A.B. asks: 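My questions all concern the structure below.
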Amino acid sequence: MSKKLLLKDAHIEGIRYFETYRKQGGYEAVEKAFKMTPEEITEEVKTSGLRGRGGAGFPTGLKWSFLAKPEGVPRHLVVNADESEPGTFKDRYLMEFLPHLLIEGMIISSFALGAHDSYIYIRGEYAWITNILEEAIDEAKAAGFLGKNILNSGYDLEIYVHRGAGAYICGEETALLESLEGKRGNPRLKPPFPAVKGAWERPTVVNNVETIAAVVPIINITGAEYAKIGVGKSTGTKLISACGNINKPGVYEIDMTISVEEFIYSDDYCGGIPNGKKLKACIPGGSSVPIVPANLLLKTINGEDRIMNYESLADGGFATGTMMGSGGFIVLDEDQSVVEHTMTLARFYNHESCGQCTPCREGTGWMYRILKKILRGDGEMKDIDLLWDIQRKIEGNTICPLGDAAAWPVAAAIRHFRDEFEWYIDNPESQTRNYGMSNYA
Ligand code: SF4
């Protein structure tokens with residue numbers, strides 16, 4: 001079993017509440033951090049090798065060091081809890097069962113960044129978790145860990161929870177900041193980056209829930225010890241939300257040294273595929289990363305075991321590998337249709353496009369309509385090339401990564417499962433479902 005740093009106490013009854021969390025050693029990292037300087041905390045995070053757990057995997061300590069510090073201008077920490085990536089539900093688990101772990105991580109991180117007003121931007125659909133977080137914030141404040149002069153340190157901090165309104169695009173950090181400011185959640189052109197001009201044009205660090213929670217064990221055990229867990233640049237532990245055709249869907253904490261095969265088939269994790277079915281493919285990092293067929297998923301292009309970490313999953317680039325992404329691990333068995341899955345994702349991205357960029361606004365709609373056309377039995381062979389052409393014209397030509405996220409699943413599906421697209425076109429009479437009746441049915 002992998003070492004547990006984040007979820008080690010998740011099974012304890014009442015761990016959601018301050019008293020129980022504190023009894024398990026909760027908030028000791030805050031006490032330790034307040035004996036350090038903000039620079040020392042940032043150095044620990046850099047030493048740990050912690051990478052952003054939201055999807056991009058950017059080094060967290062480095063991101064913090066980019067934060068501009070103009071005299072007299074407030075700075076902010078914004079926690080991105082807008083977890084809307086299909087297949088990803090690990091932040092929900094963290095916030096629901098361990099809200100004080102997030103708050104503790106926010107106190108330490110805000111102190112390191114010099115922020116006095118910090119925010120949790122949470123997706124609107126997580127309404128009940130908003131209540132859990134607000135209750136935990138009240139408890140932490142009553143215990144003297146939030147508010148004025150925390151632990152007599154002279155440091156003040158308030159944490160606010162802000163609910164989104166159900167738009168996937170608000171998970172993109174600049175769209176999130178627009179929404180936080182009360183505007184429509186349209187992504188901004190970068191530069192300037194949020195570290196220079198973020199919320200209300202003030203320097204802002206936006207980090208994922210899991211990233212900020214991981215700061216707690218880093219301070220507790222030191223960055224150097226954290227860096228010893230895992231392998232290469234995949235240090236520490238990672239939460240994976242596993243779903244699809246597996247026996248044991250759920251949230252698992254892994255130390256990024258186990259193989260993909262072990263993760264899927266071991267009883268410690270996914271427990272194999274139901275009814276003895278064969279593994280067909282997997283989307284290992286949330287819906288935005290490329291789908292991988294079973295043979296390339298379990299072995300790298302060099303024939304070695306593929307490991308559940310940033311480097312190994314990306315081995316071979318987009319041609320054969322995929323990405324760790326957000327850790328949303330979606331397993332497809334032999335009965336699943338990749339074309340159907342691709343259409344479902346195309347529909348999602350078309351629906352969620354904010355519409356600012358023509359390639360994304362128009363291209364996602366075209367891809368969705370062509371995929372529906374193929375699935376309802378009206379497809380032509382030239383449609384496959386057209387799909388390929390459209391995704392190429394979207395990738396890299398948009399303001400924010402949603403364009404790439406919409407293009408990659410289509411590209412990977414055609415690259416690895418072209419014969420399946422051809423089968424649908426060659427066998428139009430096999431179609432039993434009506435994909436033409438409704439836009440989003
Ligand atoms: Fe909006 Fe899509 Fe452009 Fe992102 S890529 S800004 S979602 S239109």
Side-chain angles (χ1 to χ4, degrees), residues 52 54-58 78 80-88 121-125 162-199 201 204 206-208 283 285-291 318 322-323 325-326 328 342-372 386-414 439-440:
F58 192 81
V78 178
N80 186 344
D82 192 64
E83 186 179 52
S84 313
E85 180 88 353
T88 309
Y121 183 99
I122 188 164
R123 66 179 299 201
E125 294 89 338
H162 183 100
R163 270 182 72 190
Y168 168 76
I169 193 57
C170 290
E172 194 282 330
E173 62 178 5
T174 60
L176 183 155
L177 294 173
E178 287 285 297
S179 176
L180 182 67
E181 292 177 10
K183 294 180 255 173
R184 190 177 195 270
N186 279 357
R188 299 173 182 168
L189 275 170
K190 292 190 272 193
F193 290 91
V196 178
K197 269 191 177 184
E201 302 206 343
T204 303
V206 183
N207 275 144
N208 170 260
I283 303 168
S287 64
S288 303
V289 311
I291 191 170
F318 293 129
T322 179
M323 290 163 80
S326 60
T342 308
M343 184 280 292
T344 305
L345 293 180
R347 177 177 63 191
F348 172 78
Y349 288 112
N350 177 227
H351 183 62
E352 298 297 339
S353 168
C354 83
Q356 282 191 101
C357 323
T358 307
C360 173
R361 184 187 62 239
E362 302 301 326
T364 54
W366 289 352
M367 292 195 300
Y368 170 46
R369 289 191 292 276
I370 293 167
L371 285 159
K372 268 202 311 186
L386 183 57
L387 271 176
W388 182 264
D389 195 41
I390 295 168
Q391 66 79 21
R392 286 293 302 271
K393 288 190 166 65
I394 298 173
E395 186 191 6
N397 293 316
T398 57
I399 293 173
C400 91
L402 189 142
D404 293 346
W408 291 342
V410 173
I414 295 174
N439 272 344
Y440 297 110

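Everything quoted here is computed from the prediction, not taken from an experiment. These values consider heavy atoms only, across backbone and side chains, with no hydrogens, waters or symmetry-generated copies. Atoms within each ligand, like the ligands themselves, are counted from 1 in listed order.
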A.B. asks: Relative to the heavy atoms of S353, which atoms of ligand 1 are at a distance of less than 4.0 Å?
C.D. replies: 2 (Fe), 8 (S)

A.B. asks: List every atom of ligand 1 that sits less than 4.0 Å from any heavy atom of T398, numbering the atoms from 1 in the order shown and giving each element.
C.D. replies: 5 (S)

A.B. asks: Check whether any N, O or S atom of C357, backbone or side chain, sits closer than 2.8 Å to atom 3 (Fe) of ligand 1.
C.D. replies: yes

A.B. asks: Using a strict 4.0 Å cut-off to heavy atoms of Q356, name the atoms of ligand 1 that fall inside it.
C.D. replies: 1 (Fe), 6 (S), 8 (S)

A.B. asks: Determine whether Q391 and I414 make a side-chain contact, defined as any pair of heavy atoms from C-beta on separated by less than 4.5 Å.
C.D. replies: no

A.B. asks: Please name the pair of heavy atoms, one in A405 and one in Y349, separated by the smallest distance, quoted to 0.1 Å.
C.D. replies: O-CE1, 3.5 Å

A.B. asks: How far is atom 4 (Fe) of ligand 1 from the closest protein heavy atom, and which atom is that?
C.D. replies: C400 SG, 2.3 Å

A.B. asks: Can you list the atoms of ligand 1 that are under 4.0 Å from a heavy atom of G403?
C.D. replies: 5 (S)

A.B. asks: A side-chain contact here means heavy atoms from C-beta on lying under 4.5 Å apart; do R347 and T344 qualify?
C.D. replies: yes

A.B. asks: Quick test: of every protein heavy atom, which one is nearest to atom 2 (Fe) of ligand 1, and how far off is it to 0.1 Å?
C.D. replies: C360 SG, 2.4 Å

A.B. asks: In terms of atom number and element, which parts of ligand 1 are under 4.0 angstrom from non-hydrogen atoms of I399?
C.D. replies: 6 (S)

A.B. asks: Decide salt bridge (Lys or Arg N to Asp or Glu O under 4.0 Å) for K190 and E172; before the verdict, give the C-alpha distance in whole Å, the side-chain angles of both, and the deciding distance to 0.1 Å.
C.D. replies: CA-CA 12 Å; K190 292 190 272 193; E172 194 282 330; 3.7 Å; yes

A.B. asks: Nearest 0.5 Å, what's the CG-CD distance between L176 and E181?
C.D. replies: 10.5 Å

A.B. asks: Heavy-atom distance under 4.5 Å between the side chains of I390 and I370, does that happen here?
C.D. replies: yes

A.B. asks: What atoms in ligand 1 come closer than 4.0 Å to a heavy atom of C354?
C.D. replies: 1 (Fe), 6 (S), 7 (S), 8 (S)

A.B. asks: Quick one: CG on L177 to OG1 on T204, what's the gap to the nearest 0.5 Å?
C.D. replies: 6.0 Å

